[in-house]
Amino acid sequence: MVTLQTTQLRTGGLPVKEKRSAKQRAGTLGLILPGSIGLFVGFVLPLIVMIRMSFNQHGTGGQLVETLTFENYGRALSDPFYWQVIGNTLWLGLLCGGLAVILAYPIALFLTRTTSKWKGVLIALAIAPLLTSAVARTYGWIAILGDQGIINGFLMDTGLLSGPIRLNNDMPGVIIALVEILMPYAILAMISGFGRLNNSLEEAAGTLGASRFKVFMRVTLPLTLPGVFTGFLLVFVLSISSFVTPRLMGGGRVFILATEVYNEATQTLNWPLASALSVILLILFGLLVAGYQQLTKRFED
Amino acid sequence: MHLSVQNLNKTYPRTEVPAVSDINLDVQQGDLVALLGPSGCGKTTTLRMIAGLLEPSAGSIRVKGKEVTSTPVHKRGMGMVFQSYALFPHMSVLDNVSFGLEMRGGGRRGNRKAAKAALDMVQLGHLAERRPAALSGGQQQRIALARALAIEPTLLLLDEPLSNLDAKLREAMRHEIRSIQQRSGTTTLLVTHDQDEALDMADKIAIMENGIIQQYDAPQEIYEHPTNKFVANFVGKANFIPSTSVRQVGEGRYSIEAGAFGDLTVPGVVGIKGDRAELVLRPHRVRLMADGEVAADRPRARGQIIASSYTGNVVSYEMQSSDNDRVIRIDQLSHPADRLPVGAEITVSFDPEDAYLVAEG
Amino acid sequence: MHLSVQNLNKTYPRTEVPAVSDINLDVQQGDLVALLGPSGCGKTTTLRMIAGLLEPSAGSIRVKGKEVTSTPVHKRGMGMVFQSYALFPHMSVLDNVSFGLEMRGGGRRGNRKAAKAALDMVQLGHLAERRPAALSGGQQQRIALARALAIEPTLLLLDEPLSNLDAKLREAMRHEIRSIQQRSGTTTLLVTHDQDEALDMADKIAIMENGIIQQYDAPQEIYEHPTNKFVANFVGKANFIPSTSVRQVGEGRYSIEAGAFGDLTVPGVVGIKGDRAELVLRPHRVRLMADGEVAADRPRARGQIIASSYTGNVVSYEMQSSDNDRVIRIDQLSHPADRLPVGAEITVSFDPEDAYLVAEG
Amino acid sequence: SSGGGDADGQTTITVLGYTAIFEDNFTQAVIEGFEAQHPEYNVEYVPSQNSAEMLGKLRSEASNPTVDVAILDQSVANTGIQEGVFAQLDEAAVPNLANVVDMGLNAEGYGPAMTFDNLVLLVNPEEAPEEISSIQDLWDAPDNSVAIPAAPDIQGIALTALTANNLGADYQEDIQPAIDELALLQPKVTSWDPQPDVYQTVTSGSAQYAVGWNARGQVFSDQSDGRLQVVQPDDGIAFQVNTINMVEGTENAEGAQAFIDYTLSKESQESFSSAMFYAPTVKNAELPEEVQARVADPQDPNIVEIDWIWMADQRDAWTDLWRRTVIGG
Amino acid sequence: MRKALSGTVITVIYLFLLAPIIAVFLISFNSSSALKIDLGSPSLQWYQEMLSNSAFIEGAKVSFITAAVVSVVVLVLGVPVALAIARREFPGKNALSAFFLSPLLVPSVVIGLGLLLVFQPLALTGTYLGIIIAHFGITVPYVIRTTLMSLKTNDVSCEEAARVHGAGPFTTFFRITLPIISPGLIAGAVMAFIISFDEAVISLFVAGSGRTTLPVEMFRYLQYRSDPAIAALSVILILISVLLVVVIERVVGLRKVMNS
Ligand SMILES: Nc1ncnc2c1ncn2[C@@H]1O[C@H](COP(=O)(O)OP(=O)(O)OP(=O)(O)O)[C@@H](O)[C@H]1O
Ligand SMILES: Nc1ncnc2c1ncn2[C@@H]1O[C@H](COP(=O)(O)OP(=O)(O)OP(=O)(O)O)[C@@H](O)[C@H]1O
Ligand SMILES: NCCCCNCCCN
Ligand SMILES: [Mg+2]
Ligand SMILES: [Mg+2]
């Protein structure tokens with residue numbers, strides 16, 4: 001009797017249920033579709049066109065020849081110069097990531113811990129640079145690091161130096177500026193990655209007899225490492241795709257994928273090669289990010 | 001005296017009122033003392049000063065007669081269990097427990113053995129390799145205890161160790177902690193705002209309010225002989241019967257006029273001044289009198305039941321007394337046969353020796 | 001029948017076991033029914049299906065005889081109070097309360113008047129212009145109640161409405177909600193995992209476990225006559241005395257052999273099969289016998305107190321019976337004069353009519 | 001846009017050319033004159049950052065051009081010609097073609113040269129320790145004192161050709177010696193990609209020496225109160241050629257050619273050269289003496305001819321050599 | 001001692017972090033055009049110079065219009081997506097949310113080149129439409145993220161309460177959901193505005209010879225000149241950013257917005 005009733009209800013209930021979910025599905029599609037089309041046009045399509053372009057040919061005299069060839073990849077990958085460019089790009093990323101993390105760590109730790117009423121202001125101050133145009137900040141660094149800049153000016157005015165030392169127009173300047181420009185990202189990533197750190201853990205270690213140094217090595221550092229990893233990854237990723245700063249501060253000596261892509265695309269008009277280099281950058285990027293995340297995941301177990 | 005705290009004071013930076021004022025506390029070797037009080041009364045502040053996590057503004061702390069006030073936290077050798085347990089999430093249970101031993105040096109094998117022993121004491125030896133995140137609240141709680149006990153601390157400090165557990169587990173853990181504490185003989189300070197917990201577990205209880213210790217006594221003393229209205233109200237339920245014509249008739253004995261209950265002689269706090277006071281009467285000491293029952297000398301009052309609440313084992317009634325607007329609460333062990341309806345006329349009485357006079361609130 | 005739930009089932013997508021199986025529940029007009037059970041037993045799931053927030057996998061829900069199973073949530077006309085209150089943070093208290101009325105159309109002035117009236121009913125008329133964030137937990141709770149009542153709901157649904165409040169406030173709110181509910185005569189379904197709350201507030205209680213209703217009865221029935229061991233254990237404290245040689249001697253009456261207590265005739269659940277069962281004995285029904293006292297016919301047992309716990313008004317003892325390893329828990333209203341030490345030899349007894357036999361767990 | 005008629009009967013000619021000071025001077029010295037002479041036309045100037053960008057734009061509009069005339073570098077223009085972006089001119093419609101010097105003419109009748117510019121040395125006389133007069137002198141400059149716009153910038157390309165010439169080699173035969181020579185410059189160079197441009201870099205003293213274009217060099221020299229001095233190198237003159245082209249498919253060929261003709265007129269060439277110090281591309285232009293002294297002469301025997309059309313194919317290869325050997329990536 | 005040491009370290013790092021901003025600020029009052037601090041007689045000439053530079057004014061206009069339109073468009077198209085992800089069950093949900101966050105993981109030059117290749121044949125370079133489409137892709141992840149976060153932190157019970165008390169799905173969205181998540185939306189819109197306003201690389205590719213944004217104008221300006229007019233402009237931009245930061249901090253709290 002009871003089972004019979006249940007079956008009836010089930011079959012009787014189905015149409016209602018289906019009607020409801022069909023309507024719901026249409027509604028969901030309506031929510032998703034406009035945004036997806038926008039993102040397709042503004043993001044996916046360009047990537048597709050670019051990938052297609054990378055198989056075209058840059059003809060003699062610079063014309064564009066529509067074809068299907070691996071020539072551009074061949075050229076890019078068989079040429080030691082481009083290997084050098086890829087190497088430079090990675091080196092820039094590693095160095096900037098490492099330095100940014102080292103400098104950001106004390107700030108992030110300080111901001112996580114401080115109970116000062118100025119905390120809000122200090123956080124704002126640490127990440128306000130993010131909201132300032134990278135072009136403007138690069139200009140600031142040119143002013144600081146240039147031959148006529150603040151540092152050289154100071155050193156020469158005080159007689160510590162007879163001629164300027166070259167800080168700008170080369171890799172060191174690019175690295176200094178990029179570290180500063182990208183550091184706020186590391187600070188942010190760390191602050192949000194320091195979630196597992198809490199005062200009572202460090203206090204607990206203290207009551208168990210750990211000195212300040214031991215507390216740091218055994219508790220603070222291991223617990224903040226995930227934040228450090230994300231901070232590093234973020235800066236790494238942003239610096240290997242940076243363009244404005246290397247371009248304005250590199251003095252023509254800093255060859256990285258981004259500047260090469262820009263040169264090929266706008267100066268030499270070799271779109272197929274620019275596209276191939278972009279695809280290489282993209283793949284490099286994807287592999288590194290995926291590998292890195294795999295690695296850190298294993299570390300964090 | 002194992003722990004002796006003298007005139008301890010703490011005023012936090014940028015605050016006006018002290019969080020803790022002139023705390024004095026002597027704890028005997030092997031005792032469990034509870035600091036009980038409402039939220040914000042300064043319990044944690046006191047405990048943290050004793051642990052060395054917070055610097056006192058004034059006062060001194062001695063352990064076994066040795067002044068430790070300026071000893072840094074990691075050299076005090078105290079064990080502490082935090083409300084949030086504060087287990088190291090990146091270490092295994094065993095590593096957590098052996099952390100303190102490691103900090104004291106000693107061989108790795110010896111440490112691990114001692115840590116195992118501590119884990120066995122809390123009956124969680126089988127979880128040694130787990131990460132804390134993979135444990136239930138009660139298990140984490142016991143690990144935290146094992147970690148604190150592993151270093152054989154001079155003093156065990158517990159800050160609301162049970163407040164994150166659900167009701168059933170909380171009750172079970174009370175006994176467990178108490179028995180581990182007794183077995184190891186570790187002098188212990190327990191911070192709590194739960195009166196049942198304090199009454200059930202402690203050898204002595206310090207009742208705190210606004211940074212001050214209001215009473216420091218054995219649980220039964222606190223409950224039966226509260227020194228003031230705050231203590232009486234905070235610990236257990238109480239009827240307060242305004243009393244007039246208060247007159248001292250002996251050391252801690254008073255003759256009073258207790259409203260509907262008439263003239264009585266009752267015990268009370270020593271040295272109540274003035275002719276008004278309040279009589280503390282616990283609801284379970286109020287007796288419902290059988291119809292026609294006569295109890296010579298017993299104060300009595302008539303009234304009507306205006307509310308009753310049933311929680312299985314206890315029935316609580318609220319009686320509106322017929323001659324004035326006082327409401328008396330009566331707690332009875334429930335029995336289906338005895339349950340009285342709202343509106344019923346009843347007579348209640350109590351033994352004056354079960355009541356206790358305190359100064360007006 | 002005001003609300004009638006039949007064979008209600010719910011299996012969540014991508015799960016195997018049903019969250020709720022074959023729930024049947026009839027609620028009388030004006031009653032307050034509590035759904036009581038441990039965490040995860042399906043209380044919220046049931047409530048949300050009745051509200052229309054969740055689609056049942058099978059079964060039907062009728063209100064006043066009208067099938068509402070496929071009526072969308074906003075057309076069911078039910079009032080609901082959420083555990084988190086779910087007050088609209090961007091609206092004033094008055095706008096919160098009049099929201100439901102607005103949704104039903106009606107003049108703005110009339111709605112505001114009705115909302116005011118609902119607010120007055122919960123005695124918070126003076127807070128009409130505040131934002132919810134500026135209210136205390138208890139006040140928010142009452143606003144949520146007013147909002148739900150303002151629409152004069154066909155059914156009031158409360159999902160753990162008190163669980164976010166502190167102990168003292170929780171107890172006060174129980175009576176308040178109950179009295180408002182009774183004044184307005186609104187048929188109400190209350191979800192809770194707090195047995196005291198259910199026992200104190202409800203006309204009837206449905207005890208749930210693993211998606212199934214185990215017993216649906218008046219509070220006193222549930223407590224005094226649990227249908228099985230789960231109910232007896234979940235509601236109130238209980239001693240379970242393993243009983244052998246069980247033999248039915250009448251409708252719901254059994255003759256048993258209850259270990260140390262010997263042969264007894266006790267009431268019990270109708271239809272216990274087999275010759276083993278468990279006797280439920282509430283700790284507060286166990287009597288400590290005075291030395292030399294003789295109570296004819298009363299089952300008795302001797303033993304030694306192995307633990308005692310003191311919470312002011314109640315003292316609990318655990319007695320290890322001398323002839324077997326059973327532990328009996330005894331609850332007594334405390335009196336300093338009567339307190340027995342651990343180790344004391346005692347004799348306990350009980351009235352067999354106060355015990356209740358259930359099938360083995 | 002093409003063939004568009006205005007309300008007052010004017011036809012609009014759309015001209016694509018360089019931005020910034022080129023635009024300013026060209027408008028004043030050429031467009032205004034043309035409009036005065038041809039009231040039936042109205043010129044709209046579309047500025048662009050560089051030749052490559054112009055070609056990109058023209059490519060994209062190939063089926064529906066909005067531009068009638070484009071002024072851009074000869075080698076880039078040649079790519080455009082090969083892609084069919086530009087149209088051949090009707091000699092009859094551009095009578096002034098007859099006056100264009102030989103090296104400025106396109107053999108197949110596409111757009112001719114409109115300006116000549118040449119590579120010069122830029123010096124900051126206040127900061128520079130020594131005077132220089134030839135490209136070769138750069139090799140004697142102090143360390144970190146020279147700014148050179150490296151290839152793919154055509155200044156770098158031109159410098160390569162001049163270096164080859166100085167070594168007595170034919171740049172079309174073997175460029176390696178010139179590249180090796182340039183590599184020796186490395187320590188002297190402070191920037192291979194000066195930001196801001198070489199003129200600012202020298203004026204500000206960030207570099208004491210640089211190579212740059214004569215036209216801009218002269219203009220900025222006037223603006224710099226003598227902090228920038230232009231030196232015509234005495235060991236070779238390399239021309240850069242801007243051509244003026246009619247866009248294929250324009251609906252306004254008549255107007256476009258009228259405009260091109262005007263830019264090749266004696267008066268236009270003289271006025272633009274006086275304003276910006278480009279060397280005129282027509283034989284009949286006569287410049288005031290003080291201007292003449294500051295522009296190169298297309299007839300100068302010292303000229304190292306660079307075949308920019310040949311170069312268009314070589315630019316990538318040379319750029320690679322620069323990066324690998326000269327700059328040392 | 002320890003405190004003093006760590007205080008010094010923190011201060012020095014902060015100084016490094018703020019160095020270019022401080023330098024830019026000081027240089028903007030230079031008395032000469034040199035690229036160094038030269039405050040012989042501080043002047044406002046570079047502010048005048050900047051205001052009379054038509055490229056900057058035009059660029060600012062373009063940036064402002066673009067950023068404003070982008071932040072509105074990205075809200076209108078992005079919020080429904082976030083809503084679907086947070087509140088609906090459908091297959092491929094995780095993939096969709098990854099898809100909408102993926103532009104964050106693609107280097108700007110790559111996106112810029114792709115857009116250039118698409119836009120050039122369509123004559124979209126240097127047009128408002130082109131720049132807006134380009135900026136949509138890079139701002140939408142931020143809006144999705146902030147909106148998702150507000151939707152997740154505000155549990156559904158308010159919406160359910162509204163439904164139970166008689167509100168239909170539309171009424172619930174407009175009367176309850178939208179007002180409650182509005183701080184997140186404002187934060188998302190402000191983020192989108194700032195990113196669009198600041199974006200240099202992608203704009204550089206799609207600017208062509210037509211309309212272009214302020215950062216591109218600044219970049220181009222820096223290729224030919226380096227006088228303190230650019231510093232003056234930067235100071236103005238920094239002040240606007242600070243103002244926005246204060247606004248965000250007031251409305252929702254900065255950290256919530258920036259955290260991922
Ligand atoms: N770091 C601090 N700075 C300023 N005041 C503080 C600080 N910590 C605590 N207080 C204040 O000191 C008083 C005592 O706080 P304490 O934490 O000791 O109370 P508690 O009794 O432990 O309360 P709870 O039961 O809520 O944990 C409170 O008024 C509290 O607000
Ligand atoms: N959305 C869901 N999807 C899958 N399973 C669910 C979902 N919601 C609840 N459940 C499961 O259904 C069962 C009943 O859940 P329900 O929330 O009804 O329990 P409850 O009795 O209200 O518990 P509590 O007292 O903890 O609120 C639980 O096992 C729970 O894990
Ligand atoms: N796809 C590249 C993402 C880079 C994000 N930059 C944000 C800039 C905020 N000022
Ligand atoms: Mg505390
Ligand atoms: Mg629930």
| note | Between E:Val109 and A:Ser241, the two heavy atoms sitting closest are CG2-O, 4.2 Å
| message | How long is the straight-line distance from CG of E:Leu117 back to CZ of A:Arg52, given to the nearest 0.5 Å? | response | 11.5 Å
| remark: Between A:Ser133 and E:Asp198 the two heavy atoms that sit nearest each other are N-OD2, 3.5 Å
| query | What closest approach, in Å, do A:Trp141 and E:Ala19 show between heavy atoms, and which atom pair accounts for it? | reply | CH2-CB, 4.1 Å
| field | Rounded distance (nearest 0.5 Å) linking atom CE of A:Met50 with atom CG of E:Leu115 | value | 10.5 Å
| query | What part of A:Ile37 lies closer than 4.5 angstrom to a heavy atom of chain E: side chain, backbone, both or neither? | reply | neither
| field | Straight-line distance of A:Ile102 CD1 to E:Ile13 CD1, nearest 0.5 Å | value | 10.0 Å
| message | At a 4.5 Å cut-off on heavy atoms, which part of A:Ser275 comes close to chain E: side chain, backbone, both, or neither? | response | both
| Can you say whether A:Ile107 sits under 4.5 Å from chain E via the side chain, the backbone, both, or neither, judging by heavy atoms? | both
| task | Please state whether the side chain, the backbone, both or neither of A:Val279 comes within less than 4.5 Å of a heavy atom of chain E. | result | neither
| task | Report the C-alpha separation of E:Phe205 and A:Phe243 in whole Å, then their side-chain angles, then the decisive distance to 0.1 Å, and conclude whether the side chain to side chain contact (heavy atoms under 4.5 Å, CB included) test is met. | result | CA-CA 12 Å; E:Phe205 277 92; A:Phe243 168 73; 5.8 Å; no
| query | Which bit of A:Ile144 comes within less than 4.5 Å of chain E, counting heavy atoms only: side chain, backbone, both or neither? | reply | side chain
| message | At a 4.5 Å cut-off on heavy atoms, which part of A:Ile176 comes close to chain E: side chain, backbone, both, or neither? | response | both
| request: Over all heavy atoms of both residues, which pair between E:Val110 and A:Ser278 is shortest? Give the atoms and the distance, please. | output: CG2-O, 3.8 Å
| request: Answer with side chain, backbone, both or neither: which region of A:Ile187 has an atom nearer than 4.5 Å to a non-hydrogen atom of chain E? | output: side chain
| query | If every non-hydrogen atom of E:Pro80 is compared with every non-hydrogen atom of A:Leu31, which pair is closest and at what distance? | reply | CB-O, 3.3 Å
| Spacing of CG belonging to E:Leu222 relative to CD1 belonging to A:Ile142, to within rounding of 0.5 Å | 5.5 Å
| message | A side-chain contact here means heavy atoms from C-beta on lying under 4.5 Å apart; do A:Thr132 and E:Leu237 qualify? | response | no
| remark: d(A:Leu39 CG, E:Ile133 CD1) to nearest 0.5 Å is 12.0 Å
| Does the side chain of E:Tyr221 reach to within under 4.5 Å of the side chain of A:Tyr139, using non-hydrogen atoms? | no
| Interface moiety of E:Phe90 toward chain A, non-hydrogen atoms closer than 4.5 Å | side chain
| query | Under 30°, 30 to 60°, or over 60°: which ring-plane class applies to A:Phe110 and E:Tyr14, parallel, tilted or perpendicular? | reply | perpendicular
| field | Engaged part of A:Tyr262 at the chain E interface, taking heavy atoms whose separation is under 4.5 Å | value | both
| field | Contacting moiety of A:Ala274, where chain E heavy atoms sit under 4.5 Å | value | both
| remark: Whatever's closer than 4.5 Å to a heavy atom in chain E on A:Arg247 counts as side chain
| field | Residue part contacting chain E, namely of A:Ser242, when any heavy atom lies under 4.5 Å | value | neither
| request: Flag the one option from A:Ala177, A:Gly38, A:Pro184 with the top tally of heavy-atom pairs under 4.5 Å to chain E. | output: A:Gly38
| field | Contact summary for E:Val81 and A:Ile32, nearest pair of heavy atoms | value | CG2-O, 3.9 Å
